[in-house]
Amino acid sequence: MTIKVATGTLVVYTDVACAWSTVGLTRLYAARERAQDRLRVDHRLFLPEDVDRFPVPKRYLDAEIPVVGHLVPELEFKPWQQDHRPGR
């Protein structure tokens with residue numbers, strides 16, 4: 001598979017709801033701003049479940065929050081407080 005990318009463009013593939021991706025993108029966009037927006041970001045999303053063939057357990061995601069939260073405190077990462085089960 002060949003991906004055509006225009007000069008000055010960075011193609012980034014990230015998980016739809018990954019905290020680590022959010023930290024990386026936050027830092028990337030801050031760096032782009034410091035470079036006077038000379039870089040175009042082509043942000044493409046994917047679901048890890050499509051690759052791994054199983055859902056990421058919520059307990060794994062919850063364990064990342066305290067670590068990631070300290071990296072970019074202004075994003076205010078915090079554990080989900082409501083029931084996560086559909087229809088509840």
Side-chain angles (χ1 to χ4, degrees):
M1 174 185 202
T2 302
I3 299 171
K4 295 183 180 183
V5 180
T7 302
T9 300
L10 176 67
V11 177
V12 180
Y13 287 85
T14 67
D15 174 356
V16 171
C18 175
W20 295 104
S21 295
T22 301
V23 169
L25 287 167
T26 299
R27 291 178 175 179
L28 173 64
Y29 289 132
R32 181 181 71 170
E33 188 174 310
R34 289 191 303 272
Q36 288 93 36
D37 293 327
R38 291 187 302 236
L39 174 68
R40 180 176 179 273
V41 177
D42 182 355
H43 186 193
R44 302 177 185 195
L45 302 174
F46 73 93
L47 293 170
E49 290 85 353
D50 288 343
V51 176
D52 299 336
R53 305 259 189 239
F54 66 90
V56 178
K58 185 176 180 310
R59 69 180 185 277
Y60 291 7
L61 303 174
D62 289 345
E64 295 175 344
I65 291 172
V67 178
V68 174
H70 289 294
L71 297 174
V72 190
E74 62 270 21
L75 294 180
E76 299 182 11
F77 281 103
K78 54 189 165 211
W80 183 256
Q81 300 298 313
Q82 297 177 350
D83 194 335
H84 65 278
R85 295 173 290 178
R88 304 266 178 193

Can you list the steps and then say if Y13 with I3 is a side chain to side chain contact (heavy atoms under 4.5 Å, CB included)? CA-CA 12 Å; Y13 287 85; I3 299 171; 3.1 Å; yes

For atom CZ of R44, is the number of surrounding heavy atoms from other residues, nucleotides or ligands below 6.0 Å larger than 12? yes

Using the salt bridge (Lys or Arg N to Asp or Glu O under 4.0 Å) criterion, which residues pair with R38? Sequence neighbours excluded. none

Are I65 and L71 co-members of a hydrophobic cluster defined by side-chain heavy atoms under 4.5 Å apart? yes

Hydrophobic clusters join Ile, Leu, Val, Met, Phe, Trp and Tyr when side-chain heavy atoms are under 4.5 Å apart, directly or via other members; which others share one with L61? V56, Y60

Decide yes or no for T7 and T9: does some side-chain heavy atom of the first lie under 4.5 Å from some side-chain heavy atom of the second? no

Can you name the salt bridge (Lys or Arg N to Asp or Glu O under 4.0 Å) partners of R40, sequence neighbours left out? none

Donor-acceptor contacts under 3.5 Å from residues 19-31 side chains, at least two apart:
unit_1: W20; atom_1: NE1; unit_2: E64; atom_2: OE2; d: 3.3
unit_1: T22; atom_1: OG1; unit_2: C18; atom_2: O; d: 3.0
unit_1: T26; atom_1: OG1; unit_2: T22; atom_2: O; d: 2.7

Side-chain heavy-atom pair L10, D42 within 4.5 angstrom cut-off: no

Going by side-chain contact (heavy atoms from CB on, under 4.5 Å), name the residues that satisfy it together with D52, two or more places apart in sequence or in a different chain. P48, F54

Which heavy-atom pair separates T14 from H43 by the least distance, and what is that distance? OG1-NE2, 2.7 Å

Name all residues meeting the salt bridge (Lys or Arg N to Asp or Glu O under 4.0 Å) criterion together with D15; count only those two or more places apart in sequence or in a different chain, and write none if there are none. none

If hydrophobic clusters are built by linking Ile, Leu, Val, Met, Phe, Trp and Tyr wherever their side-chain heavy atoms come under 4.5 Å apart, do V11 and F46 end up in the same one? yes

